[in-house]
Amino acid sequence: MECPWVSIEKLPDWEGKEVELRGWLANRRSSGKVVFFVFRDGTGFAQITLSVGAFFDKETLKDLERLPLESALVVRGRVRKEERAPGGYELEGTQVKVVSVADEYPIQKKDHSVEFLMENRHLWLRSRRQNAILRIRNQVVMSIHEFLQGQGFTLIDSPILTPAACEGTTTLFGLDYFDLGKAYLSQSGQLYMEAACMAFGKVYCLAPAFRAEKSKTRRHLTEFWMLEPEMAFYDWQDNMRLQEELVSFIIQEVLRTKARELEILERDITPLKKIEPPFPRITYDEAIRLLQQKGLSVQWGDDFGGDEESIISQEFDRPVFIHHYPARVKAFYMQPDPENPQLVLNDDLIAPEGYGEIIGGSERIHDMHLLEERIAEHHLPREAFAWYLDLRRYGTCPHSGFGLGIERTVAWICGIHHIREAIPFPRQIYRLYP
RNA sequence: UCCUCGGUAGCUCAACGGUGGAGCAUCCGGCUGUUAACCGGAGGGUUGCAGGUUCGAAUCCUGCCCGGGGAGCCA
């Protein structure tokens, strides 16, 4: 008889039908004559009941009850609506085929330390919670592509191996590159996106970025994913409008398509529902005054740390832009404010609820001589930037772009404490395994 | 890199100078609807490593190794 292989996600559509599930034993319980399996197949979790009777004798059931957790199984049975089953539907099993018997599974139902879970990240991914987070990450990335493609952007892949730094050289991962000396893992695709936007108009890359910062905080990874759009003829205000529209679109799409995952994570979605344009905008000067009013000892010219960002974001119910920073705390390529050259035409976007900076963006310097000066002031090797200066030589124009941190964005949407859970295999200062 | 906390059974922890225990997991038994099921029994240890103090060290001291939390910096 025909018995379709179906996914747990779609189980309610098959009520009353005989189906086949293929997956893994996530948990089991027994009550004498009935064995309960909690079964997962990657799309969800479902309860399977196996009873003594027409399909199983007492001995067979006893053996099935002893199956180790995470054994791979193919189970056939009838789909039944059942209030007592988690999820409202269960499979009344008629046949169990054991594909493989697992060794004793290290991840248990009770508590584990962070160290143990990270050491077993390859297995931890199977948990409900990690599954939900990475499904939301998938949606965030898909929504980014959908939004930008809809706005006429072209995806241009940036190189991972690069000849020089675009941020500070102290945070570069270096490696030997044949006879050409040192190469470095990319910290950002931005400079290449600037070249690409002069060829395609509006472009973006979505790529890993590597920073050898010895950071040990819940907001840092040594390898993280960054979205970097770059737009020719956009000024700093066009730039911010694009950012708020993109972020709002991502949030609304996750709310629309990933309600079940947000529920698994017990995320309060009330604050997320409020995320829509326009976002509040304050200048760096206003931010400093706000912090001083709150009694912090910050001085004009200081950059903001996590605490300062949190205090500012608490004043608003959606992400907040801070723009016009002092030039000397920001990168060399940022366009000075024509009205006050001490400031740059940049913006940082601070996520609510203490999640910190998720975007850094700016209008870029498009004047060749000014850019040459900045490269010299920052003691950057001029030869390495020859091609970058060329962009100012051949049809230069105002242009802007930004970088959005994928893991920080996912962590914020999921309401999770540490960004290491927002990436499948996190790379941190003291962790390279698995 | 700095500050801070920790490393004891497979896992999470207790014992804090005097014979290393518990819960979960595992194994055996029981239970006809379980929801981290429950009930009974059993096995399981060179207390991260190396030195030192002491009659005696998981416990106190020194060094090292490995992690957790935080800072600076950033997305």
Side-chain angles (χ1 to χ4, degrees), chain A residues 26-38 45-53 56 58 61-62 65-66 68-69 80 82-88 90 92 102-120 123 127-128 166-168 170-171 187-190 206-228 243 302-309 325 329-331 348-351 355-361 402-412 417-420 422-423 428-431 433:
Chain A
N27 195 8
R28 54 174 155 61
R29 298 178 276 272
S30 114
S31 179
K33 305 293 188 295
V34 188
V35 172
F36 299 90
F37 281 177
V38 178
F45 291 75
Q47 175 164 286
I48 296 171
T49 61
L50 308 167
S51 326
V52 171
F56 302 98
K58 207 176 169 194
L61 213 59
K62 198 77 201 168
E65 189 188 336
R66 275 194 274 258
L69 296 187
R80 183 164 65 182
E82 169 59 67
E83 273 181 20
R84 289 170 292 184
E90 67 179 17
E92 198 179 355
D103 283 355
E104 188 184 335
Y105 192 59
I107 296 185
Q108 312 281 343
K109 287 168 276 188
K110 298 259 177 173
D111 289 344
H112 289 293
S113 62
V114 171
E115 181 186 358
F116 183 79
L117 290 171
M118 293 306 294
E119 201 68 20
N120 289 284
L123 303 176
S127 79
R128 258 193 189 83
C166 68
E167 315 272 336
T170 53
T171 64
Q187 297 173 306
S188 161
Q190 182 200 313
L206 182 52
F210 305 88
R211 307 263 169 104
E213 290 163 355
K214 294 189 172 173
S215 304
K216 240 175 79 55
T217 82
R218 76 181 88 150
R219 303 193 316 281
H220 287 86
L221 298 167
T222 55
E223 176 182 312
F224 65 97
W225 285 70
M226 189 156 59
L227 166 73
E228 293 180 284
Q243 292 165 39
D302 293 347
D303 206 348
F304 301 134
D307 289 348
E308 286 87 1
E309 287 175 352
Y325 274 63
V329 300
K330 288 293 173 183
D348 282 357
L349 184 66
I350 313 298
Y355 281 93
E357 184 182 346
I358 54 170
I359 285 180
F402 62 93
L404 175 142
I406 300 297
E407 289 77 17
R408 287 188 184 178
T409 304
V410 172
W412 164 43
H417 178 253
H418 199 299
I419 66 168
R420 67 183 155 220
I423 187 168
Q428 296 172 275
I429 176 168
Y430 294 127
R431 180 158 298 283
Y433 177 94

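Keep in mind it's a predicted model, so treat the numbers as computed, not measured. By convention in this document, chain letters (A, B, ...) are assigned in the order of the sequence lines, proteins followed by strands, and residues within each chain are numbered from 1. All heavy atoms count here, side chains included; hydrogens, waters and symmetry mates do not.
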**Item:** Sequence-distant partners of A/His220, ring pair (Phe, Tyr, Trp, His ring centres under 6.0 Å), two or more places apart
**Value:** none

**Any residue meeting ring pair (Phe, Tyr, Trp, His ring centres under 6.0 Å) with A/Phe402, in chain and number order, not counting sequence neighbours** =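 Residues passing ring pair (Phe, Tyr, Trp, His ring centres under 6.0 Å) with A/Phe402: none at all.
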
**Prompt:** Nearest to the side chain of A/Asp111 - B/G70, B/C74, B/A36?
**Reply:**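 Among the listed nucleotides, the one closest to the side chain of A/Asp111 is B/A36.
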
**Asked** B/A71, B/G70, B/A75: which one has an atom nearest the side-chain heavy atoms of A/His417?
**Response**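 For the A/His417 side chain, the nearest candidate turns out to be B/G70.
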
**Message:** If you take any heavy atom closer than 4.0 Å to RNA chain B, which residues from residues 403-410 of chain A end up in contact?
**Reply:**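 Nucleic-acid contacts, sorted: A/Gly403, A/Arg408.
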
**Request:** Could you tell me whether A/Asp348 contacts a base, only the sugar-phosphate backbone, or nothing, with contacts defined as non-hydrogen atoms closer than 4.0 Å?
**Result:** nothing

**Asked** Which part of the nucleic acid does A/Arg128 contact within heavy-atom distance under 4.0 Å: base, sugar-phosphate only, or nothing?
**Response**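 The answer is nothing, as A/Arg128 stays clear of every strand by at least 4.0 Å.
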
**Message:** Once rounded to the nearest 0.5 Å, what's the spacing between atom CD of A/Glu407 and atom CG of A/Leu221?
**Reply:** 5.5 Å

**Complete:** Rounded to the nearest 0.5 angstrom, the OG1-CZ distance for A/Thr222 and A/Phe210 is 8.5 Å

**Request:** By nearest nucleotide on RNA chain B, pick out whichever of A/Val38 and A/Pro106 is the more 5' one.
**Result:**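 Nearest nucleotide further toward 5': that of A/Pro106.
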
**Asked** Once Watson-Crick and G-U wobble pairs under 3.5 Å are found, how is RNA chain B written in dot-bracket notation, 5' to 3', with | for any base paired to another strand?
**Response** (((((((..((((....[..)))).(((((.......))))).....(((((..]....))))))))))))....

Name the pairs: protein N/O against N/O of nucleotides 1-8 of chain B, kept only if under 3.5 Å.
residue: B/U1; atom: OP1; partner: A/Lys214; partner atom: NZ; Å: 3.2
residue: B/U1; atom: O4; partner: A/Lys214; partner atom: O; Å: 2.8

**Request:** Could you give me the CA-CA distance, side-chain angles and deciding distance for A/Phe224 and A/Ile423, then say whether side-chain contact (heavy atoms from CB on, under 4.5 Å) is met?
**Result:** CA-CA 8 Å; A/Phe224 65 97; A/Ile423 187 168; 5.6 Å; no

Mind listing the N/O atom pairs, protein and nucleotides 27-34 of chain B, below 3.5 Å?
residue: B/G29; atom: OP2; partner: A/Arg66; partner atom: NH1; Å: 3.2
residue: B/C31; atom: N3; partner: A/Gly32; partner atom: N; Å: 3.1
residue: B/C31; atom: N4; partner: A/Ser30; partner atom: OG; Å: 3.0
residue: B/U32; atom: OP2; partner: A/Lys33; partner atom: NZ; Å: 3.1
residue: B/G33; atom: O2'; partner: A/Arg84; partner atom: NH1; Å: 2.7
residue: B/G33; atom: O6; partner: A/Arg80; partner atom: NH2; Å: 2.4
residue: B/G33; atom: N1; partner: A/Glu90; partner atom: OE1; Å: 3.4
residue: B/G33; atom: N1; partner: A/Glu90; partner atom: OE2; Å: 2.9
residue: B/G33; atom: N2; partner: A/Gln47; partner atom: NE2; Å: 3.1
residue: B/G33; atom: N2; partner: A/Glu90; partner atom: OE1; Å: 2.7
residue: B/U34; atom: O2'; partner: A/Arg29; partner atom: NE; Å: 3.4
residue: B/U34; atom: O2; partner: A/Arg29; partner atom: NE; Å: 2.8
residue: B/U34; atom: O2; partner: A/Arg29; partner atom: NH2; Å: 3.4
residue: B/U34; atom: N3; partner: A/Gln47; partner atom: OE1; Å: 2.9
residue: B/U34; atom: N3; partner: A/Gln47; partner atom: NE2; Å: 3.1
residue: B/U34; atom: O4; partner: A/Gln47; partner atom: NE2; Å: 2.8
residue: B/U34; atom: O4; partner: A/Arg84; partner atom: O; Å: 2.8

